[in-house]
Amino acid sequence: MRIVFMGTPEVAAVSLARLLEGSDPVVGVVTQPDRAAGRGQTVIPSPVRQVAERHGIAVLTPEKMRDPAFLSALNHWAPQLIVVVAYGRILPRQILDLPALGCLNVHYSLLPKYRGAAPVAWAVVNGEEKSGVTTMQLVEKMDAGPTFLQREIPLASDETAGSLQAKLAPVGAALLMETIAKLKAGSLTPRAQDEQEATYAPMLKKEDGLIDWRLPAAAIERRVRGLSPWPSAYTQLDGKLLKIHRASVITGQPGATPGEVVRADKFALWIATGAAVLSLDEVQLENKKRLPAADFLRGAKIEKGARL
RNA sequence: CGCGGGGUGGAGCAGUCUGGCAGCUCGCAAGGCUCAUAACCUUGAGGUCCCGGGUUCAAAUCCCGGCCCCGCAA
């Protein structure tokens, strides 16, 4: 079966690599265009592109989905199935209808929960006890198509978006292979999603990381994990950006107004929140390295009573 | 050439602008105090001030070049 793969980040590259170990030929790969990124604005190809090129597979990087040259090339590849994993763009109907078997999507949540761009991060932020992977048929409405297979995995108590992503990537790749096999065998039963149960996980914005100290410490701590490693939870300290990479909840009364430092000694940095106290365990001041709180406190002169 | 901060005993930092004894908070070692302690007191060891060149009586500090780390942005 001729397959075209569409995807962009590392998690998609894992699925592509797994797909390439299978027997179905991947006749082409579509990924986001190389963009100047990072310090110095160097141009870095997407992880999916790197895997594709390593295997000598043709790669297309259209700026626009409706670009005639792209559509023509895609059509020429004559895919019987298009596999989409975190491609980062809505596919128009003419692409959805192109392959005989349609477009198969791997989504990193238990659909219909967490439709959208950042299901992994929001599952952690919201303190879900489980997440998972769902394979589904792509339709025009985002992540709303009928589902094929689903696999659950539990979240650890110290789960971060990064660690969860790392767990889900191979699960998704395996589920993708299983779905393709059953699709070929005709033993797959699409199931319509329950629209009443649908929730959304919008793309993360930088501002999602700004900590509101009036929230309970437990909620802030989850946000720290959910936005790790990107974009990171952060607050302001003397007008400077202070990222919080790791934190823990200290139960008890905050004993001060939210955002106030209630302890700053050579062992710990504690901040009052709307409910209980948050211990900042690993932080990073702008322009500085990330540091354990104890190391950070040695150089920064932070006193009890200071405000974040 | 996208914008910007930084590299100083083992850790985190000050000192650099305005050149003049290598400093602070810790850690480590030894001793003391204490029923005891992550507490307190005394003493001590530990330095290529990122690298190379230049200016100077004198460079962590000023000038030129290089390497490395980081924040923003994307």
Side-chain angles (χ1 to χ4, degrees), chain A residues 6-13 30-50 53 59-65 86-90 116-118 120-121 160-162 165 201-213 220 223-252 255 259 261-271 277-308:
Chain A
M6 303 178 73
T8 302
E10 182 59 36
V11 67
V30 181
T31 190
Q32 295 282 341
D34 300 345
R35 296 207 170 86
R39 204 175 294 129
Q41 297 297 103
T42 43
V43 173
I44 298 176
S46 75
V48 162
R49 179 175 194 147
Q50 293 181 38
E53 290 181 340
V59 175
L60 291 177
T61 59
E63 286 286 355
K64 293 180 178 176
M65 288 290 87
Y87 173 54
R89 199 159 286 195
I90 305 286
V120 176
T160 66
Q165 183 83 277
M203 182 157 32
L204 290 175
K205 301 186 300 283
K206 195 79 186 172
E207 310 85 78
D208 291 322
L210 180 60
I211 291 173
D212 180 353
W213 293 106
I220 297 172
R223 185 158 290 243
V224 167
R225 287 188 282 115
L227 299 196
S228 166
W230 190 90
S232 286
Y234 63 93
T235 188
Q236 296 278 327
L237 176 65
D238 293 334
K240 285 190 227 163
L241 179 77
L242 182 72
K243 284 189 179 180
I244 300 177
H245 293 296
R246 206 155 41 77
S248 49
V249 176
I250 307 296
T251 52
V261 175
V262 294
R263 179 183 177 186
D265 52 35
K266 63 176 165 175
F267 305 109
L269 177 56
W270 289 4
I271 314 296
V277 169
L278 193 71
S279 170
L280 309 190
D281 299 329
E282 188 176 23
V283 300
Q284 179 176 26
L285 198 60
E286 65 180 66
N287 298 330
K288 298 293 191 176
K289 284 184 198 147
R290 51 193 292 171
L291 295 172
D295 285 353
F296 171 70
L297 285 164
R298 242 167 253 134
K301 332 141 198 98
I302 300 193
E303 303 283 328
K304 181 177 175 181
R307 295 202 56 85
L308 295 181

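Each chain gets a letter, A, B and so on, in the order the sequences are listed, and its residues count up from 1.
For A/Asp238, there are no salt bridge (Lys or Arg N to Asp or Glu O under 4.0 Å) partners two or more places apart in sequence or in a different chain. Taking A/Ser248 as the reference, A/Asp281 meet the side-chain hydrogen bond (donor to acceptor under 3.5 Å, both in side chains) condition, with sequence neighbours excluded. Qualifying side-chain hydrogen bond (donor to acceptor under 3.5 Å, both in side chains) partners for A/Gln32, counting only residues two or more places apart in sequence or in other chains: A/Arg89. A/Glu53 pairs by the salt bridge (Lys or Arg N to Asp or Glu O under 4.0 Å) definition with A/Arg49, not counting sequence neighbours. Applying the salt bridge (Lys or Arg N to Asp or Glu O under 4.0 Å) criterion to A/Arg35, with sequence neighbours excluded, gives A/Glu63. Under the side-chain hydrogen bond (donor to acceptor under 3.5 Å, both in side chains) criterion, A/Asn287 pairs with no residue, sequence neighbours left out.
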Donor-acceptor pairs under 3.5 Å, side chain of residues 202-210 of chain A to any protein atom, not counting sequence neighbours: which ones?
from     : atom 1 : to       : atom 2 : distance (Å)
A/Asp208 : OD2    : A/Lys205 : N      : 2.7

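Base pairing analysis places B/rA29 opposite B/rU43; the two distances defining the Watson-Crick or G-U wobble pair are each below 3.5 Å.
Here CG of A/Leu269 is found 7.0 Å from CZ of A/Phe296. Values are rounded to the nearest 0.5 Å.
With a heavy-atom cut-off of 4.0 Å to chain A, the contacted part of RNA chain B has its first and last nucleotide at B/rG2 to B/rA74.
Contacts between residues 300-308 of chain A and RNA chain B, counted as heavy-atom distances below 4.0 Å, involve no residue at all. RNA chain B is contacted by A/Ala36, A/Ala37, A/Gly38, A/Arg39, A/Gly40 of residues 30-40 of chain A, taking any non-hydrogen atom closer than 4.0 Å.
Listed by first and then second residue, the side chain to side chain donor-acceptor pair (under 3.5 Å) pairs involving residues 297-308 of chain A are A/Thr257-A/Arg307, A/Asp295-A/Arg298 (not counting sequence neighbours). Annotation: side chain to side chain donor-acceptor pair (under 3.5 Å) contacts involving residues 39-48 of chain A, sequence neighbours excluded, comprise A/Thr31-A/Ser46.
Residue-to-nucleotide proximity on RNA chain B shows that, of A/Pro231 and A/Lys266, the 5′-proximal contact is made by A/Lys266.
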